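Below: one structure, written as structure tokens.
It should be emphasised that the depicted structure is a prediction, and the values quoted were computed from it without experimental measurement. Just so you know, ligand 1 is whichever comes first in the structure, and atom 1 is the first atom listed for that ligand.
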Amino acid sequence: MNWRVTLADLAYTSEEEQAVLEVVKNRWLTMGKETETFEREFVDCVGSKYAVAVSNGTVALHLACLSLGIGPGDEVVVPALSFVASSNSVLHTGAKVRFVDIQSLNELNISPAKIEAAITPETKAIMVMHYGGYPCRMDAILEIAERHNLAVIEDAAHAHGAALHGKNLGCWGDVGCFSFFSNKNLATGEGGMLVTDREDIAEKVRLLRSHGMTSLTWDRHKGRSYNYDVIDLGFNYRIDEIRSALGRVQLKKLGNHNRRRKEITEEYWEHLRHLGLGLPFENYAGESSHHIFPILLPDDVDRMGFIKKMHTEGIQTSIHYTPIHHFQYYRERYPEVNLPLTEEAASREVTLPLYPSMRDEDVRLVIDTVRATLTSMT
Ligand SMILES: *Cc1c(COP(=O)(O)O)cnc(C)c1O
């Protein structure tokens, strides 16, 4: 398919190409100087005490759960309107999830009141996901967590550079997890970052990231260490130098990219406002990273018909998300889940193209095509 406007696009220039070449020339490919620097620069950007780079966002979430001691017999409260990795990471520890509904059709983030209602004696943690980079109600969520003595994990895969009351998303809970998958605001192909203010968590995650070993190949190369012990049952969840170098370039550009995403989002809101669509987050609190642009179609518009007509006009759209509890694997294990708002939002949602290199005429084309498509269908 030759799309006229794709859903997302990499915001890469010759800077990224140059960064990769430098790593190749320097002949050190796995975790080393680039990764250490990337972690330091990430800390400077988000304002956490620690940042640990890992191979993707999913393992960041897995390590977040493990470092908080979550395991068999425990429960974690999770959003159902998220990518499946959020809840998979909990199940991989042997714990169970409790799916919670969203706040409203306008605010597609997890509802604090419904979190509280889902807490049981087995609950160990609350996981939130900042949909599209729009902040969850962190004040209320932290207050609930404190009252029930629960940990808070932020799935910040959409939220690079987003903030609430001046504090970056990812830094509100005990642990924040970022993804650098190709379509994210900061893209390295595969890659992720775990941030925390807690030294015990940072230490545990560094160990688990690399086989529970007390020193890295890099430390031995630098003469900092000659041998290692293995003191935990770890994984190979490491990132490599090429991706860290890409991440450093992308981090530098993040502010500009997010500003362009915001401009496009506001253009969409302005011109799509009176078409009978739901425009979630239009009056959100905080500073979003505007990762994706969701709309909710009117009740009487057939979604697949709409998506196909957009496709015919050369415009790629997507759906965020099929609720996790609707997937077969989860249906079999969590048959009782019933989340009316999540299910309604998920059944009407369509995601429009949004990426920093979108030209003004691309944005106008999407707006005009949405308008014409809706008119032809109602
Ligand atoms: C992308 C994403 C992840 C997973 O990140 P990967 O780097 O692809 O493993 C997790 N949660 C959400 C909400 C995501 O969008």
Review point. Would you call Lys49-Asp174 a salt bridge at under 4.0 Å N-O?
Key: no

**Study point:** Parallel, tilted or perpendicular, as decided by the 30° and 60° cut-offs, for the rings of Trp172 and His165
**Key:** perpendicular

Review point. Parallel under 30°, tilted from 30 to 60°, perpendicular over 60°: which one fits the rings of Tyr330 and Phe99?
Key: perpendicular

Check your understanding: Of all residues at least two apart in sequence or in a different chain, which pass the side-chain hydrogen bond (donor to acceptor under 3.5 Å, both in side chains) check with Lys167?
Key -> none

Practice item. Would you confirm whether Glu349, through its side chain, and His320, through its main-chain N or O, come within 3.5 Å as a donor-acceptor pair? Key: yes

Check your understanding: Which word best sums up how the rings of Tyr134 and Tyr284 line up, parallel for under 30°, tilted for 30 to 60°, or perpendicular for over 60°?
Key -> perpendicular

One pair per line, please: each N/O atom of ligand 1 matched with every protein N/O atom under 3.5 Å away, atom names first, then the distance to 0.1 Å.
unit_1, atom_1, unit_2, atom_2, d
ligand 1, 5 (O), Ser179, OG, 3.2
ligand 1, 7 (O), Gly57, N, 2.7
ligand 1, 7 (O), Ser179, OG, 2.7
ligand 1, 9 (O), Asn56, OD1, 3.4
ligand 1, 9 (O), Gly57, N, 3.4
ligand 1, 9 (O), Thr58, N, 2.9
ligand 1, 9 (O), Thr58, OG1, 2.5
ligand 1, 11 (N), Asp155, OD1, 3.4
ligand 1, 11 (N), Asp155, OD2, 2.7
ligand 1, 15 (O), His158, NE2, 3.1
ligand 1, 15 (O), Lys184, NZ, 3.1
ligand 1, 15 (O), Tyr321, OH, 3.4

